[in-house]
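All remarks here apply to the structure that follows.
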Amino acid sequence: MDKLKKKFAEKALPLASEFKAFVKENADLVVGEVKLAQVFGGMRGVKSLVTETSELDANEGIRFRGYSIPELKKRLPKLEGDTEPLPEGIFYLMLTGEIPTYEEVMSLSKNLSERSDVPEYVFKVLDTFPTDTHPMTQFSVAILSMQPESIFEQRYAEGISKKDYWDPMYEDSLNLIAKLPHIAAYIYRRSFHNGEHIAPNKDLDWAGNFAHMLGVSDSDEFKSLMRLYLTIHADHEGGNASAHSTHLTGSTLSDAYYSFSSGINALAGPLHGLANQEVIKWILEMREEIGTSKPNKEQIEAYIRSTLDAGKVIPGYGHAVLRVPDPRFTAQMNFAKMYFPEDELVNVVWDIFEVAPKVLGEKPKIKSPWPNVDAHSGATLMHYGMTEYRFYTVLFGVSRALGVLASLCWDRALGLSIERPKSVSTNWLKQFAAQSKEVVG
Ligand code: CMX
């Protein structure tokens, strides 16, 4: 058994027994209420999911196992000379609750490298798609196409005991995480670089090898950006659409391939992960329409107003939970300030940051006028020459695998149930509202 798997079992299995007793003892405890607006409003804030890997505070942002992004930047192991943590470390942390040592991270990195060979048929499946098929479609299909590799499915067919489900789920999760960079890079090169692929370098770390296979820039700086990017996009507690979709699908005992493909399909929506593509598209259209690559703040404000007047959202702004600028935005801004503070497009992003919250703040219905993670990432990638913005959400997806697959291992270790909330019709709600008024009256 590999060291991380052993540590996970040591942490998760005792908690699983404790958790069952805890639920039994407190089964009737009321943890919240559900208002009619929440039933119609995407279940916002309804406490009905268990997620161990991270927690989102509206005024503080994401904490991975209690650690904020600035804390993780200091505490997670880094390669010598790099400023950014290795994303393998955040996976280790989410899975075990412990900050790993450098040796533990390097051992996980090696483990992933050993699992990283992608079956040849996956590339053949991808090659059947027209090259202009959206990269997220290709990514989701490639993941699903690997489902016959599932160890969970094989073991289930053999008749595995419920208490052992976590074991093959761990194996599938690591196998999948290990292979995603090569699959994503393959999609990038076939879609935008005439199918000129770059062979993996198994001596590199997970993110460094990904940067290498993308072939955008040979610089250590781009590898460093990928380490930052893949760390900060990894998780955002359990209720966000990609995490919840993965969890929901997994709750039926679908394996990691089925489940993560579901998560990727949710991430592909413009209100979620696709917003990183939409942000840069919106900025490029703004520059085109105004006729300058460096619009001033008055021009930016007018463009924001015209977007809102057209009944569209300002991509990269607003959030379902956060009520402050997203610390993941700030982390990317700090990176850009350190390495390329003069970049013209990045400066447009910073000017939008100065203008948009004021304009959005004038609309009482918009609960957060602040930038989210997607407001910055495109401009940073553009700086290194990755101009093909239709690919950006795939990068988000590679990172999101770390959080949602760590959670899936926990789901199976804790023996969480199949999801089955109650739905009601509008008619039921109308009658319920009328009866409630009668009772009050
Ligand atoms: N621009 C314009 N209108 C916005 C807005 C924005 N950036 N953010 C919210 N609103 C609007 C909503 O569309 C909604 O309008 P209606 O009542 O007419 O439907 C109203 O304000 C209330 O929304 P909210 O409660 O503030 O936000 P929600 O929880 O409903 O939605 C989100 C959150 C992220 C979908 C929304 O802020 C949005 O559409 N933002 C732009 C897209 C985006 O950046 N998504 C990425 C989020 C991060 C991620 O998951 O990657």
Side-chain angles (χ1 to χ4, degrees), residues 35-46 51 54 56 58-59 61-62 69 136 229-246 263-283 285-286 300-332 349 352-353 355-381 389 391-404:
K35 295 189 176 151
L36 190 133
Q38 292 169 300
V39 176
F40 267 108
M43 298 184 280
R44 201 71 79 255
V46 177
T51 303
S54 65
L56 181 57
N59 297 310
I62 189 69
I69 287 179
M136 282 299 274
Y229 190 103
L230 298 178
T231 298
I232 63 176
H233 287 77
D235 209 31
H236 224 217
E237 76 169 36
N240 73 77
S242 51
H244 190 191
S245 302
T246 306
I264 285 300
N265 296 342
L267 194 69
L271 297 188
H272 191 16
L274 201 81
N276 60 8
Q277 146 181 329
E278 295 299 292
V279 166
I280 214 69
K281 190 163 160 261
W282 179 80
I283 296 176
E285 282 166 4
M286 169 170 70
I300 291 173
E301 179 169 338
Y303 195 75
I304 292 172
R305 290 188 190 285
S306 72
T307 303
L308 292 172
D309 290 345
K312 297 191 274 186
V313 296
I314 307 301
Y317 279 77
H319 201 271
V321 181
L322 277 171
R323 296 297 174 256
V324 288
D326 192 331
R328 301 172 300 173
F329 173 88
T330 313
Q332 296 176 77
V349 167
I352 296 169
F353 179 36
V355 175
K358 178 179 80 94
V359 181
L360 295 173
E362 290 167 9
K363 311 259 175 212
K365 74 169 183 179
I366 301 179
K367 297 193 191 64
S368 170
W370 300 110
N372 59 55
V373 65
D374 300 314
H376 208 298
S377 52
T380 312
L381 294 164
Y389 54 74
F391 184 72
Y392 291 173
T393 313
V394 174
L395 296 176
F396 195 155
V398 172
S399 174
R400 189 44 60 100
L402 299 175
V404 301

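Start at 1 and go down the list; that is how both ligands and their atoms are numbered.
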Closest approach of Gly61 to Pro327 (non-hydrogen atoms, all atoms of both residues): CA-CG, 3.8 Å
Short side-chain to backbone donor-acceptor contact, Arg400 and His233, under 3.5 Å: yes
For ligand 1, list every N/O pair with the protein closer than 3.5 Å, one pair per line with the distance.
{"from": "ligand 1", "atom 1": "1 (N)", "to": "Ile314", "atom 2": "N", "distance (Å)": "2.9"}
{"from": "ligand 1", "atom 1": "7 (N)", "to": "Ile314", "atom 2": "O", "distance (Å)": "2.9"}
{"from": "ligand 1", "atom 1": "7 (N)", "to": "Tyr317", "atom 2": "O", "distance (Å)": "2.8"}
{"from": "ligand 1", "atom 1": "15 (O)", "to": "Lys365", "atom 2": "NZ", "distance (Å)": "3.4"}
{"from": "ligand 1", "atom 1": "18 (O)", "to": "Lys365", "atom 2": "NZ", "distance (Å)": "2.8"}
{"from": "ligand 1", "atom 1": "25 (O)", "to": "Lys367", "atom 2": "NZ", "distance (Å)": "2.7"}
{"from": "ligand 1", "atom 1": "26 (O)", "to": "Lys367", "atom 2": "N", "distance (Å)": "2.8"}
{"from": "ligand 1", "atom 1": "29 (O)", "to": "Arg44", "atom 2": "NE", "distance (Å)": "3.2"}
{"from": "ligand 1", "atom 1": "29 (O)", "to": "Arg44", "atom 2": "NH2", "distance (Å)": "3.0"}
{"from": "ligand 1", "atom 1": "30 (O)", "to": "Arg44", "atom 2": "NH2", "distance (Å)": "3.4"}
{"from": "ligand 1", "atom 1": "40 (N)", "to": "Tyr317", "atom 2": "O", "distance (Å)": "2.8"}
{"from": "ligand 1", "atom 1": "44 (O)", "to": "Gly316", "atom 2": "N", "distance (Å)": "2.8"}
{"from": "ligand 1", "atom 1": "44 (O)", "to": "Asn372", "atom 2": "ND2", "distance (Å)": "3.0"}
{"from": "ligand 1", "atom 1": "45 (N)", "to": "Leu271", "atom 2": "O", "distance (Å)": "2.8"}
{"from": "ligand 1", "atom 1": "50 (O)", "to": "His272", "atom 2": "ND1", "distance (Å)": "2.6"}
{"from": "ligand 1", "atom 1": "51 (O)", "to": "His272", "atom 2": "O", "distance (Å)": "3.3"}
{"from": "ligand 1", "atom 1": "51 (O)", "to": "Asp374", "atom 2": "OD2", "distance (Å)": "2.6"}

Donor-acceptor pair, side chain of Ser399 and main chain of Leu230, under 3.5 angstrom: yes
Parallel, tilted or perpendicular: rings of Tyr303 and Trp282 (30°, 60°): tilted
Shortest non-hydrogen contact from Val313 toward Thr307: O-CG2, 3.7 Å
Side-chain donor or acceptor of Asn276 paired with backbone N/O of Gly378 under 3.5 Å: no
